[in-house]
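Beneath this line is the structure, given in structure tokens, with notes to follow.
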Amino acid sequence: MCLHLTYKIGQLYMISKHSHEQSDRGEGVEVVQNEPFEDPNHGNGQFTEKRVYLNSKLPSWARAVVPKIFYVTEKAWNYYPYTITGKSSIKPMYKHLQCSFLPKFSIHIETKYEDNKGSNNSIFDSEAKDVEREVCFIDIACDEIPERYYKESEDPKHFKSEKTGRGHLREGWRDSHQPIMCSYKLVTVKFEVWGLQTRVEQFVHKVVRDILLIGHRQAFAWVDEWYDMTMDDVREYEKNMHEQTNIKVCNQHSSTVDDINSLDKTSVCRFFSAYHPSLHHIYLLYVH
């Protein structure tokens, strides 16, 4: 079986478990909607809407310009091996807030999985034609991750799968190991505010890269947990994890989440912004 088809289950398992681990005390990922979806071009898939609460994870300079509590809306359409993820709509969570000062912000991620070593240089030509692009190669075994997220049990250099025999990935593993898959991701970040755009967009790209690296390392290190699962199995696991994660996150926001949509649409002050076209990053992640 093609690795990228097997990895469909691993991807769903990893996202659910990772979100649960990273959610606590009112911060993390709340799943609002997760249901089948059919697209005329891509066929059957899954639509998911999430709210991501992350104030404490922001750097001090970012916390200074956003409300104390807010969430980012994430919508994803999964037609594996092609997926689309969009994050936007930063929403302050204060009912009395009258100043809609937060500027337009969005992250758009398109993903394609292929059984190769990242050799398809034209995979996103139709999606990002005639735009500036920077290509970043991500190695799940050899690239460093932030120290606070490091676990030896999730290090591909030290982990070896009992069920598949994969593991102990060393420098140069991409040239010698089979099977191998590449996850191609086209990431576009927009933060349309003069004076802050470059700093914020660079910061977000770094965060996205770290999340992708950590998540795919975990999917590899957790392979013995999901390898024997069927699609029905992983959907049931996903449902249970979403329920548990929502409890961890939503108890802190039960009185404010529903109020968010009642904020006055009329702003008493606004940012007027000038912006330039954002840089598109293409991330290539190699998975064994």
Side-chain angles (χ1 to χ4, degrees), residues 3-4 6-31 50 52-59 74 76 85 87 109 111 113 118 136-174 176-177 179-183 185 187 203-229 233-234 237-238 240-249 283-288:
L3 179 60
H4 79 264
T6 307
Y7 196 69
K8 179 179 182 178
I9 291 175
Q11 176 212 35
L12 295 173
Y13 182 92
M14 175 270 291
I15 291 173
S16 298
K17 183 174 178 178
H18 176 87
S19 296
H20 184 73
E21 287 190 347
Q22 296 299 313
S23 299
D24 193 25
R25 298 181 181 180
E27 292 207 350
V29 180
E30 173 196 0
V31 178
K50 302 176 180 178
V52 185
Y53 306 85
L54 71 174
N55 188 279
S56 68
K57 294 181 173 60
L58 297 176
E74 173 188 303
T85 303
K87 299 186 180 185
I109 304 174
T111 305
Y113 299 85
C136 307
F137 295 87
I138 300 178
D139 186 325
I140 64 168
C142 300
D143 288 0
E144 293 186 1
I145 65 171
E147 185 176 354
R148 64 185 180 278
Y149 295 118
Y150 179 80
K151 295 180 182 179
E152 185 173 345
S153 63
E154 297 175 358
D155 188 337
K157 294 192 296 293
H158 300 293
F159 169 79
K160 186 173 182 65
S161 167
E162 295 181 359
K163 294 184 178 180
T164 68
R166 302 169 191 165
H168 293 166
L169 303 183
R170 305 302 184 191
E171 188 75 39
W173 68 273
R174 300 200 313 255
S176 57
H177 282 68
I180 191 169
M181 178 198 75
C182 184
S183 171
K185 293 183 178 286
V187 180
F203 169 76
V204 172
H205 273 296
K206 181 183 183 303
V207 171
V208 169
R209 185 189 186 282
D210 287 344
I211 291 173
L212 295 176
L213 175 58
I214 294 166
H216 285 271
R217 282 167 61 100
Q218 290 176 327
F220 178 81
W222 295 339
V223 62
D224 288 345
E225 300 175 28
W226 58 260
Y227 189 73
D228 293 328
M229 282 186 168
D233 292 335
V234 78
Y237 175 84
E238 184 182 53
N240 292 335
M241 292 305 289
H242 287 171
E243 292 174 353
Q244 294 177 38
T245 304
N246 282 1
I247 291 173
K248 294 173 71 175
V249 175
Y283 296 88
L284 286 72
L285 294 102
Y286 303 96
V287 180
H288 173 46

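The analysis underlying the following values was restricted to heavy atoms, covering all of them including side chains, and did not include hydrogens, waters or symmetry mates.
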*Distance-minimising heavy-atom pair for Met241 and Lys17*: CE-CA, 4.2 Å
_Rounded at 0.5 Å granularity, tell me how far OH in Tyr113 sits from NZ in Lys8._
11.0 Å
*Measure the shortest side-chain to side-chain distance between Asp233 and Trp226 over non-hydrogen atoms and say whether it is less than 4.5 angstrom.*
no
*Residues two or more places apart in sequence or in another chain: which of them pass salt bridge (charged side-chain N to carboxylate O under 4.0 Å, His left out) with Asp210?*
Lys206
_Qualifying residues under side chain to side chain donor-acceptor pair (under 3.5 Å), relative to Ser16, sequence neighbours excluded_ = none
Determine all donor-acceptor pairs shorter than 3.5 Å in which one atom belongs to a side chain in residues 146-154; sequence neighbours excluded.
from: Tyr150; atom 1: OH; to: Asp155; atom 2: OD2; distance (Å): 2.8
from: Glu154; atom 1: OE1; to: Gln218; atom 2: NE2; distance (Å): 3.3

*Starting at NE2 of His242, measure out to CD1 of Ile15 and round the result to the nearest 0.5 Å.*
8.5 Å
*How far apart are the C-alpha atoms of Asn246 and Val31, what are their side-chain angles, what is the distance that settles it, and do they pass the side chain to side chain contact (heavy atoms under 4.5 Å, CB included) test?*
CA-CA 7 Å; Asn246 282 1; Val31 178; 4.1 Å; yes
_How long is the straight-line distance from CD1 of Ile140 back to CH2 of Trp173, given to the nearest 0.5 Å?_
4.5 Å
*Lys50 side chain to Val29 main-chain N or O, any donor-acceptor pair under 3.5 Å?*
no
*Can you list the residues that meet the side chain to side chain donor-acceptor pair (under 3.5 Å) rule with Asp143, with sequence neighbours excluded?*
Arg209
*Verify the neighbour count for atom OH of Tyr227: are there more than 12 heavy atoms of other residues, nucleotides or ligands below 6.0 Å?*
no
_Looking at every heavy atom in both Ile9 and Val234, which two are closest together, and how far apart are they?_
O-CG2, 3.7 Å
_Closest heavy-atom pair and its distance - Gly28, Ser23_ = CA-OG, 3.3 Å
*Taking atom CD1 of Ile211 and atom CD1 of Ile109, what is their separation to the nearest 0.5 Å?*
8.0 Å
_Over 60° means perpendicular and under 30° means parallel, so tell me whether Tyr13 and Trp222 are parallel, tilted or perpendicular._
perpendicular
*NZ-OG1 distance between Lys185 and Thr111, expressed to the nearest 0.5 angstrom*: 3.0 Å
_So for atom CD, which belongs to Glu243, do other residues, nucleotides or ligands contribute more than 12 heavy atoms lying within a distance under 6.0 Å?_
yes
*Hey, does the side chain of Arg166 reach the backbone of Lys160 with a donor-acceptor pair shorter than 3.5 angstrom?*
no
*Is His168 reaching over with its side chain to a backbone N or O of His158, donor-acceptor style, under 3.5 angstrom?*
yes
*Which residues share a salt bridge (charged side-chain N to carboxylate O under 4.0 Å, His left out) with Asp224, sequence neighbours left out*: none
*Tell me, please, which residues at least two apart from Lys163 pass salt bridge (charged side-chain N to carboxylate O under 4.0 Å, His left out).*
Asp228
*Between Ser161 (side chain) and Gly167 (backbone), is there a donor-acceptor pair under 3.5 Å?*
no
*asked:* Any non-hydrogen side-chain atom of Arg217 less than 4.5 Å from a side-chain atom of Phe159?
replied: no
_Working to the nearest 0.5 angstrom, can you tell me the gap between Cys142 SG and Leu169 CG?_
8.0 Å
*Report the C-alpha separation of Tyr7 and His216 in whole Å, then their side-chain angles, then the decisive distance to 0.1 Å, and conclude whether the ring pair (Phe, Tyr, Trp, His ring centres under 6.0 Å) test is met.*
CA-CA 10 Å; Tyr7 196 69; His216 285 271; 5.7 Å; yes
